[in-house]
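As structure tokens, the structure follows; a few thoughts come after it.
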There are 2 protein chains.
Amino acid sequence: MTTIRDISRLAGVSVATVSRTMSNPDKVSPATREKVEAAIRETGYMPDMSARNFSTRKSKTIVVLVPDISNPFFSRVIRGIEHTAQRAGYSVLLGDTRGESEIEDSYASMVRARLADGVIQLNGRLPMENGAVADIPLVNACDCVEDARIPKIQLDNAGAARAMTEYLVSLGHRRIGVTKGPSESRLTRERLRGYRAALEAAGLPFDEGLIARGDFSASSGRHAATQLMALGKPPTALFCLSDEMAIGAMHSVWEMGLKVPDDISIVGFDDILFAEYCKPPLTTIRQPAEEFGSKAMGMLLSLLQGAHLAETSQHLPYEMVIRQSAGRPKA
Amino acid sequence: MTTIRDISRLAGVSVATVSRTMSNPDKVSPATREKVEAAIRETGYMPDMSARNFSTRKSKTIVVLVPDISNPFFSRVIRGIEHTAQRAGYSVLLGDTRGESEIEDSYASMVRARLADGVIQLNGRLPMENGAVADIPLVNACDCVEDARIPKIQLDNAGAARAMTEYLVSLGHRRIGVTKGPSESRLTRERLRGYRAALEAAGLPFDEGLIARGDFSASSGRHAATQLMALGKPPTALFCLSDEMAIGAMHSVWEMGLKVPDDISIVGFDDILFAEYCKPPLTTIRQPAEEFGSKAMGMLLSLLQGAHLAETSQHLPYEMVIRQSAGRPKA
DNA sequence: GTGAAAGCGCTAACAA
DNA sequence: TTGTTAGCGCTTTCAC
């Protein structure tokens, strides 16, 4: 293997000079620089990054904790992260945690083991609750904890849910069912808050029985919808707190022989790719997924450069995407 | 920071002994082992993996090259990889290459830079064509190159496509359109080969005009279908070489006011999650995605242990999943 | 602008 | 069974 020593010998300079031409070319005279570069070219030398990282006590790697990598919304977020990470010379280590805290913790401890410089958590939970959190560079995105010490970036979930509910109300709906995610998740709580606020503003009652629990997956949406539609007095519209659940709900309703939106309106949240390809195309809230990723990575980058970001909480804009899955309720 | 030195002092042993208790506990007497473990517990010491990796000249990391991370089929493959990697103590670095060879190359060269020990390529292309390939541990999965030097694991794509085509023929179809992927991709070529074989066996002509090109994405499927349906004599069935394209095709056909499968049959390939949720549910070929991932990782692991795997080419079984998107052609 | 040399934290001969 | 010690390949003072 070619090492920096070989290059230094070949170019007739010291290893320090070789090191400099690689990281601070302007600290080296053009003449020697040329000699070194020639030697590098000639040998096809590639520096041992593992040695460099060891020496600089950096890994140039960050880990992202994602509850479910096959969720289409997250894949877009990840792509945003990867893109800006790459431009800054960072690699991203993917941790598919399935929401399990031990897995989250084990990934997070990679920064203590110097295998990673920081972490982006896409789930509303702090890895290694017990204090350790303070000293690892961490940003929380999408689903966020309330902890003020952690810089975070999220949607105005309550506002978005409120807007969607108001839209449904404006269409004439009075009984709006909800398929929610896990109740621990702040996402669920915030969206539910927006839903209630809209109801209240419209003078409509909040009916606990209209809320069914899911876990954001299509199959859970299917079950939740089935359950809601079996009610004595079923809702005329379904607000699914994720597009995947909405797709599951549409399927369930279709199996029951009902038509969307004629018999029942269904709306989602996220605007994943398939929302557009639903039959009928799904009305939903668009989240700027890639931007979530790139902004989160940007924050982590400044954190890594020593910025003091605690108390930072950024919001990203949502957008209502009206397609054809919601209409007026039947007379 | 606590280092191995600190532990050795605290336990009153040498650093070598500390190192041994961590990696070869049985080479250390119970008494000293206990002392060392106590010191480790007391200090909360965590070994610097970056130093260990540097010293052992391993990274315990592999990179997986995936053309599109938001493709639901790949996310499942990745999950399979991650799972078995984790059990073997490896981390996985995700490289979303968007099919671009420079990105593939730059990721692959992480092995040379000692940032990774090996790579799994999910795309039918060899990174760093120019020879370098021979000396990096690499396994090729899903979409494979023909190069015999590379261990590979794939589906019997031709067989699967043939089976699906035969099914369509058995339903009475005589004009079967195809939306294919990029023609460079071996996936496309193999599946097309199966399609032609089935046609031939049934004594049906092969009509080049019935083949439309896509890139496996939903939007490309939509365009391809539109194009095919605009033919003077359109096909009565569409064999889309990916579920995403099939979903796009169903959408296109729906926009034209046609019914699936009454007016046109549509089938896919992959059996992604949403295939089941289509309207009507999509008839398709199921690929064992997670298994692709775990098997590929398993191969890479043995490669990394020095096994000689060239010429290895494993096949995984497909499964026809008959749902409701294909039926008899209109009279 | 350049070089000598001291680490970085660990592993692995080798010796005892 | 345990300790001594020489690296691993690079970066980074500190002199010159």
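We name chains A, B, ... by the order of the sequence lines, and we start the count at 1 in each one.
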With the side chain of A:Arg57 defined as its heavy atoms from C-beta on, choose the nearest nucleotide among C:dA12, C:dC8, D:dT11. C:dC8
Does A:Ser19 have a side-chain nitrogen or oxygen under 4.0 Å from the phosphate oxygens OP1 or OP2 of D:dT11? yes
Examine C:dT2: is either OP1 or OP2 under 4.0 Å from a nitrogen or oxygen in the side chain of A:Thr32? Give yes or no. yes
Between B:Asp26 and A:Arg52, who's closer to the 5' end of DNA chain D by nearest nucleotide? B:Asp26
Taking atom CZ as the centre, does A:Arg87 end up with more than 12 heavy-atom neighbours from other residues, nucleotides or ligands that are less than 6.0 angstrom away? no
Run B:Asp68 and A:Arg79 through salt bridge (charged side-chain N to carboxylate O under 4.0 Å, His left out) and show every step you take. CA-CA 9 Å; B:Asp68 178 9; A:Arg79 181 180 280 170; 2.5 Å; yes
Kindly indicate whether the side chain of B:Glu190, heavy atoms from C-beta on, has any atom under 4.5 Å from the side chain of B:Gln154. no
Report yes if a donor N or O on one partner sits less than 3.5 Å from an acceptor N or O on the other, where the partners are the side chain of A:Arg20 and the base of C:dG3; otherwise report no. yes
What's the closest nucleotide to the A:Ala16 side chain, out of C:dT11, D:dT12, C:dC10? D:dT12
Does A:Asn24 or B:Lys27 map to a spot on DNA chain D nearer the 5' end, using the closest nucleotide for each? B:Lys27
Is the shortest side-chain N/O distance from B:Ser50 to OP1 or OP2 of C:dC8 below 4.0 Å? no
At 4.0 Å (heavy atoms only), tell me whether A:Val18 reaches a base, stays on the sugar-phosphate, or touches nothing. nothing
D:dG9 OP1/OP2 closer than 4.0 Å to side-chain N/O of A:Tyr45: no
Side-chain N or O of A:Thr3 less than 4.0 angstrom from OP1 or OP2 on D:dG9? no
Separation between SG of A:Cys144 and CZ of A:Arg186, rounded to the nearest 0.5 Å: 7.0 Å
Rounded to the nearest 0.5 Å, how far apart are CG of B:Leu122 and CZ of B:Phe73? 7.5 Å
Is the base of C:dC10 stacked against the aromatic ring of B:Phe54, taking ring centres under 5.5 Å apart and planes under 30° as the test? no
Can you tell me which nucleotide in C:dA12, D:dG9, D:dT12 comes closest to the side chain of A:Ala51? D:dG9
Using OP1 and OP2 only, check whether a side-chain N or O of B:Ser29 sits under 4.0 Å from D:dT2. yes
Using only side-chain N and O atoms of B:Thr17, determine if any of them is under 4.0 Å from OP1 or OP2 of D:dT2. no
Is the phosphate of C:dA12, meaning OP1 or OP2, less than 4.0 Å from a side-chain N or O of B:Ser55? no
